[in-house]
Structures are given as C-alpha cells and as structure tokens.
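Numbered from 1 within each chain, the chains take letters A, B, ... in sequence-line order.
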There are 2 protein chains.
Amino acid sequence: MGRGKFELKRIENSSNRQVTYSKRKNGILKKAKEISILCDSQVSLILSGESGKIHEYISPSTTLIDVLDRYQRATGKTLWNAEHESLSNEIDRIKKENENMEIELRYLKGENITSLNFKELMALETAL
Amino acid sequence: MGRGKFELKRIENSSNRQVTYSKRKNGILKKAKEISILCDSQVSLILSGESGKIHEYISPSTTLIDVLDRYQRATGKTLWNAEHESLSNEIDRIKKENENMEIELRYLKGENITSLNFKELMALETAL
DNA sequence: CCGCCTATATATAATAA
DNA sequence: TTTATTATATATAGGCG
C-alpha cells in the first residue's frame with residue numbers, strides 16, 4: 001500500500017520507522033477489533049514500540065486472562081511458572097547492575113578517581 | 001475490500017463467518033509480523049475462533065512472558081497473583097534506584113557536579 | 001505526534017470449484 | 001475447509017502543515 005512497495009525488513013530511518021509504527025498500530029488494532037466482532041472470536045493483541053508505551057486490544061467478550069488460560073491449555077506451556085522465574089531472573093540481573101553502580105559511585109565520590117580517563121578528569125577539574 | 005461494504009457486526013451466516021475468520025486471521029497474523037519487523041516492535045497476538053483452536057504471533061525478539069510483563073507494569077493490571085505483584089513492585093523500585101544512580105554517575109563524570117554536597121566536593125578536590 | 005491528502009499496494013467479500 | 005478469481009474496499013507510504 002502506499003506510494004511504494006516495501007521490503008519486509010526493519011526500516012532504518014528512525015523517523016520513518018516511528019511514523020510507520022504509529023500508522024500500522026492503528027491499522028492492526030482496527031483489524032483486531034473487526035475480526036473479533038465480525039467472527040465472534042477472542043483476540044488479545046499487545047503491542048509495544050520503541051518508546052516502550054503499550055497499546056492493546058482485548059476482545060470485549062473475554063479477558064486477557066481467559067485468552068492466556070486458553071493459550072496455556074492449547075500449547076501446554078505454563079505461563080505462570082515461567083513468569084515467576086523470569087521476574088526472579090530480572091531482579092537478580094538488576095540487583096547486580098545496582099551493586100556495580102554503587103561501587104562506581106563510591107569511587108567517583110572522591111575516594112578513588114583513578115578509574116576516570118584524562119578527559120573526564122579535566123572536565124571534573126574544570127567543574128570544580 | 002471485497003465486493004461489498006461490510007457492517008461492523010457479527011456475521012450471522014455461520015459458514016461465511018468461518019470463512020471470513022480464516023481469511024482475516026491470515027491477514028492479521030501477516031500484519032503482526034510486518035509491524036514487528038518493519039518497526040522493530042514487540043508484538044503478541046493471540047486469536048481463538050469458534051473451533052477453539054489457537055493461533056498466535058509473538059515477535060521473535062521477545063517472548064510472551066516479556067510482553068505480558070511489560071503489559072502488567074505499564075497498565076498496573078496484575079494478571080496472576082499477589083506474589084507476582086510483589087516481585088513486580090520490587091523490580092520497579094530497583095529500576096528507579098538504578099535510574100537515580102545513572103543520573104548521579106553522569107553528573108559525576110564531569111558534566112555537572114553541582115548536585116554534590118560540600119563534603120563530597122572537598123573529597124573530590126583532594127582526590128584530584 | 002497527529003491529521004489530511006493522494007497514488008498505489010494490499011486485503012478481502014462474493015463466488016465458484 | 002482450502003484455493004483461485006476478481007472486483008472493490010481499505011490500508012498505508014510519502015509528503016505537507
């Protein structure tokens with residue numbers, strides 16, 4: 001559609017990518033609504049773009065939990081346990097990041113700045 | 001599309017409804033794939049028709065778990081239970097701490113040290 | 001980012017097999 | 001239910017404000 005044919009690959013131009021996302025997001029959300037109403041089907045559509053903002057369509061006749069329940073039964077995958085594990089892993093990962101930053105902060109706050117490179121040191125001196 | 005305009009309401013003829021579901025299902029799955037690739041976005045699409053069979057598209061860069069996790073954090077809706085909620089809250093809290101530390105680190109690395117208190121500044125000068 | 005516009009590319013309703 | 005055809009309705013890329 002549109003003025004030119006498109007290739008199915010990531011749009012490199014960031015601005016075009018954003019615009020296309022926004023337009024297609026509206027399009028697919030509309031399609032989701034249409035199929036759920038026309039065909040009396042349950043739909044769960046969750047989108048998130050680079051901004052991190054979430055957009056969703058869940059068919060009114062159901063809830064996301066219903067859809068996921070059906071999903072779990074149909075695929076045999078148990079989401080809850082996996083979810084729990086995934087969250088625990090993320091906490092571990094973030095905590096580690098946290099510790100590293102704390103160490104870096106302690107150094108930077110004057111006890112030890114040997115980790116800074118020359119340019120950073122000059123900038124620091126100027127600022128002081 | 002198609003030979004006639006359509007009204008956005010349930011298709012009463014069961015056979016037409018099935019056919020339309022099948023066609024539009026393919027269409028929307030294709031759209032989901034396209035937006036995820038073109039725009040580098042995370043997508044979770046789960047469909048179930050009257051037969052009960054499930055069709056899904058989850059963007060390759062992510063997992064359903066990730067999408068749901070983001071969904072829950074963004075919407076504030078808890079999909080599973082209290083334990084999930086407490087883990088999720090902890091992640092939010094730690095991430096906030098991380099952000100604060102990142103900001104502090106950026107400042108300390110020379111661009112801006114006005115946020116430091118007197119004692120910290122003295123320590124920094126001595127170190128320099 | 002949102003809305004509007006236009007030329008084109010796609011999706012799909014109706015139909016038949 | 002799937003596949004093919006084809007006339008039309010939609011979706012949307014690119015451009016502009």
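Of the side-chain N and O atoms in R3(A), none sit less than 4.0 angstrom from OP1 or OP2 of dC5(C). Here K31(B) does not reach the OP1 or OP2 of dT10(C): none of its side-chain N or O atoms lies under 4.0 Å away. Checking the phosphate oxygens (OP1, OP2) of dT12(D), no side-chain nitrogen or oxygen of T20(A) falls inside 4.0 Å. Between dA11(D) and K30(A), a contact under 4.0 Å exists linking OP1 or OP2 to a side-chain N or O.
Between E34(B) atom CD and dA9(C) atom C1' the separation is 11 Å, expressed in whole Å. As a whole-Å value, the separation of R24(B) CZ from dA13(C) P is 5 Å. Distance, E7(A) CD to dT10(C) P: 12 Å, rounded to whole Å. Rounded to a whole Å, the NZ atom of K25(A) is 15 Å from the P atom of dA11(D). Distance, L29(B) CG to dT12(C) P: 11 Å, rounded to whole Å. Atom CZ of R17(A) and atom P of dT12(D) are 18 Å apart (whole Å). The separation between I11(B) atom CD1 and dA13(C) atom P is 7 Å, rounded to whole Å. What separates CD of E12(A) from P of dG14(D) is a distance of 14 Å, to the nearest Å.
A salt bridge between E50(B) and R17(B) is present, with a side-chain N of the basic residue lying under 4.0 Å from a carboxylate O of the acidic one. Residues R93(A) and E97(A) are paired through a salt bridge, judged by an N-O separation under 4.0 Å between the basic side chain and the carboxylate.
When atom types are taken as modelled, the side chain of S59(B) and the backbone of V43(B) share a donor-acceptor pair closer than 3.5 angstrom.
Counting only N and O atoms by type, the side chains of Y57(B) and S36(B) include a donor and acceptor under 3.5 Å apart.
Place M1(A) and S51(A) on DNA chain C by their nearest nucleotides, and S51(A) ends up nearer the 5' end. Mapping Q18(B) and N26(A) onto DNA chain D by nearest heavy atom places Q18(B) at the nucleotide closer to the 5' end. Both S22(A) and G2(A) lie close to DNA chain C; mapped to their nearest nucleotides by heavy-atom distance, the more 5′-ward contact belongs to S22(A).
A donor-acceptor contact under 3.5 angstrom links the side-chain atoms of K23(B) to the base of dA13(C).
At a threshold of 4.5 Å between non-hydrogen side-chain atoms, the residues Y71(B) and L64(A) count as touching.
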